[in-house]
There are 2 protein chains.
Amino acid sequence: MGNHGYRTRENFLAKLGIKDIAAISGVSPATVSRTLRNPDIVSEETRKKVMKAVEEGGYTPSRFGANLRTQKSGNIIVVMPDITNQVNAGIIRAIESEAQKAGYSILLGDTQGLPEREKHYANMAQSGQADGVLLFTFHMPFNLNENQPVAKQLPPIVNSCESIPIEGISKVMIDNIAGARTAVEHLLSLGHKRIAAVMGPRDTPSTLERLEGYQAALNDAGIKIDEQLVIRGDYGLDSGIGAMEQLLKLRLRPTAVFCFSDDMAIGAMSVLQENGFRIPQDISIMGFDDIRYARLMTPALTTIHQPLEEIGKACIELLLDQLDGRSEPGRYIELPFKLMVRQSTGPVPTDR
Amino acid sequence: MGNHGYRTRENFLAKLGIKDIAAISGVSPATVSRTLRNPDIVSEETRKKVMKAVEEGGYTPSRFGANLRTQKSGNIIVVMPDITNQVNAGIIRAIESEAQKAGYSILLGDTQGLPEREKHYANMAQSGQADGVLLFTFHMPFNLNENQPVAKQLPPIVNSCESIPIEGISKVMIDNIAGARTAVEHLLSLGHKRIAAVMGPRDTPSTLERLEGYQAALNDAGIKIDEQLVIRGDYGLDSGIGAMEQLLKLRLRPTAVFCFSDDMAIGAMSVLQENGFRIPQDISIMGFDDIRYARLMTPALTTIHQPLEEIGKACIELLLDQLDGRSEPGRYIELPFKLMVRQSTGPVPTDR
DNA sequence: AGACAATTTGAAAACGTTTACAGGGTGGTT
DNA sequence: AACCACCCTGTAAACGTTTTCAAATTGTCT
């Protein structure tokens, strides 16, 4: 009755391995593995024996061994510029929930907007720490080796929110151009002609697209763009404050302000109210995103709704399909936005 | 000139392993490993040779092999009830940033308040998917085996926000009792006597503690607690709305409302303003947390500030110390809160 | 009874690192 | 010249699984 090189039962303080369970239940490690991963292919008798040993020993298979053998980490890395942002948080929440159902875990990559951190997370994927990448930032963070074809070097990627120009990766987007256009057309329909825009961070695809929508809507209405009314922001609260202060200094003030994010709209509203302006009687404010606080502002914020949960779900679904070989990369999903008319926008003031 | 069992250079589309790099640079795999992990102990000449091969081959060490060998994942799992919550998001952001500096990655565990999901994430730690756990939920999610001592079975844990009664784990907290007391004393100092409380989720430690502070402050002021003024909430926006609606139906309304979270305070404010009440002239509103939107409300929300970044940093620091053996578990760090007096609280109305 | 298929199991290799140990070389000291 | 210490490097084992392949057992059909 020899020790097969397995640990003895006496030594029960040590963490049990698959060999220990095999020894205890009198089967081979292979059978233990099969019992846990693929119960159908072992006989009921063996299954019972093994499960008993597993439960009594409190055995959980070590992920290290399994990962090495299968060359899969079971992780998906989410690369985002700012987890603190309501939009991102809402998306990642949906992602995490769906990923967990499918047996995957989420590695959080908050880049704080820094390209070197984006690189870091890309490396993690390339070193096998993650099986796939969900990319919400606007740089291409992967190091490519010119000797090899691009497709071979990239892990499965799904790109959302900020469209990155990489050939053949899947994307989940809303139509930012149409969204911004809808926002501006709403203001135009209320009679506004001097409509300011508070943009997001310079050169991000989403900002450029929303700007395009803004310009297109004004063009169509035959209104010339006034560069003074187009202010640079960064999607954050404080930049909304700064932008509004800047706009209030203008000789000819806008009658409506379209902020490219709700956060900036909230910042702008607070500046107006502090300075005694009435919203929307004096100035209309329009946001973008429809974060949960938007409808609770006083006045409630008119904005463009983004379907965060659907975006998250679509992203993870596309990625999982790719990981399981159920579909090819390069797919594109466009999700609908929605105009939410609330109290922060109203007819253009007639008295000036 | 034999093939050592390593892949040949011709085969360059395949991913290179440490043996390939070793073969290319004419050293042993051990030396390659040393060059990357511990450059100081290899000669400069060898280091150059190896680094050249590493760069040209675009080699990144596989984490699978390293993890298995070292029995470390390099991951830390953060278990939180809701990443969408500004408080949690702020904390996890600081955590992630510090963890990355130390070479660790963050696994996101958003439990959505479900105990089974907490269990799931605990299992991940126990199966080696994470080296340590940051616990922000209020259940004890670990399965313990009665045959073994408790301490042996738990991974390194740091507990924050909601205090969990487990012997010997480290904690990072603010003094919720004192925080709530400070809030209520602020209202008392303005002359309020009918002060309502909108609580968090029932039976959570933080709610119980804040309730205790509320009761203590009123007791000290010789004011009897009116059970009608103590409303159950869940820290979310909507429960603030519901609570305020309930309070407005009362025959004898409160002159001030202390919400145990800013989100509930924001919900409450919107109800008041919708119904034509002036804040703070008719009713004062007080929050807890000082989320970034608090100061931008109109009126700006008076609240208790929680140092989110410091909390996150303290958590990860404690955990890293423990992982590196620099300190023992069971430490306790208390961080200071701060009363932020803004415009949503004012003197008690005299006209009634 | 014999052949064959289906079911179940075990042996052993493989995944890619890190590190304990030992050995070779170099330079300095006696 | 012998010895020692030190620096650097290579060999080989180990980490804990999963899975291929083959063998053993059982059942089915002629």
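Just the heavy atoms: all of them, side chains too, but no hydrogens, waters or symmetry mates, feed the values below. Protein chains get the first letters and strands the later ones, always in sequence-line order, with residue 1 at the start of each.
D:dC8 atom C1' lies 9 Å from atom CD1 of B:Ile41, rounded to whole Å. Atom pair B:Asp20:CG and C:dC15:P shows a separation of 11 Å (rounding to whole Å applied). Rounded to an integer number of Å, the gap from CD1 of B:Ile18 to P of D:dA13 is 18 Å. Atom NZ of A:Lys72 is separated from atom P of D:dT19 by 10 Å (rounded to the nearest Å). In this structure, the CG atom of A:Asn67 is 14 Å from the P atom of D:dG16, given to the nearest Å. A straight line from CG of B:Leu68 to C1' of D:dT18 spans 13 Å, rounded to a whole angstrom. Atoms NZ (A:Lys15) and C1' (D:dT17) sit 13 Å apart, rounded to a whole Å. Between the P atom of C:dT9 and the CD1 atom of A:Ile21 lies a distance of 17 Å, rounded to the nearest Å.
Ranking D:dC15, C:dG10, C:dA14 by closeness to the A:Val27 side chain, first place goes to C:dG10. Looking at the side chain of A:Arg69, the nearest of the listed nucleotides C:dA14, C:dT9, C:dG10 is C:dA14. In this structure, of D:dT19, D:dT9, C:dT9, it is D:dT9 that holds the atom nearest to the side chain of B:Val42. For B:Ser28, the listed nucleotide lying nearest its side chain is D:dG10; candidates were D:dG10, D:dT9, C:dT17.
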Trace of the salt bridge (charged side-chain N to carboxylate O under 4.0 Å, His left out) decision for A:Glu96 with B:Arg117: CA-CA 11 Å; A:Glu96 199 264 4; B:Arg117 303 198 75 195; 3.0 Å; yes
Between A:Lys313 and A:Glu310, is the salt bridge (charged side-chain N to carboxylate O under 4.0 Å, His left out) condition met? List the steps. CA-CA 5 Å; A:Lys313 278 189 180 173; A:Glu310 285 76 8; over 6 Å; no
Run the salt bridge (charged side-chain N to carboxylate O under 4.0 Å, His left out) check on B:Lys15 and B:Asp20 step by step: do they pass? CA-CA 9 Å; B:Lys15 203 177 174 199; B:Asp20 303 302; over 6 Å; no
Begin with the C-alpha distance, continue with both residues' side-chain angles, and end with the deciding distance and a verdict on salt bridge (charged side-chain N to carboxylate O under 4.0 Å, His left out) for B:Glu56 and B:Lys52. CA-CA 6 Å; B:Glu56 286 181 359; B:Lys52 182 158 173 279; 3.7 Å; yes
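A sub-4.0 Å separation between OP1 or OP2 of C:dG16 and a side-chain N or O of B:Tyr59 is absent. When the side-chain nitrogen and oxygen atoms of A:Ser62 are compared with OP1 and OP2 of D:dG16, none of them lie within a distance under 4.0 Å. At least one side-chain nitrogen or oxygen of A:Ser43 sits closer than 4.0 Å to the OP1 or OP2 atom of C:dT9. Within the structure, a side-chain polar atom (N or O) of A:Gln71 is placed less than 4.0 Å from OP1 or OP2 of C:dG16.
Counted by atom type alone, A:Ser73 and A:Asp131 present one or more donor-acceptor pairs between their side chains at under 3.5 Å.
Using a 4.0 Å cutoff on non-hydrogen atoms, the parts of residues 31-38 of chain B near DNA chain D are B:Thr31, B:Arg34, ordered by number.
Nearest-nucleotide mapping onto DNA chain D: of B:Gly65 and B:Glu44, the residue sitting toward the 5' end is B:Glu44.
B:Ala66 comes within contact range of the sugar-phosphate backbone alone, with a heavy-atom separation under 4.0 Å but no base atom that close.
Minimum heavy-atom separation, A:Asp110 to A:Pro81: OD1-O, 3.3 Å. Of all heavy-atom pairs between A:Arg34 and A:Val42, the closest is CB-CG1, 3.8 Å.
A donor-acceptor pair under 3.5 Å links the side-chain atoms of A:Thr35 to the main chain of A:Thr31, judged by distance alone.
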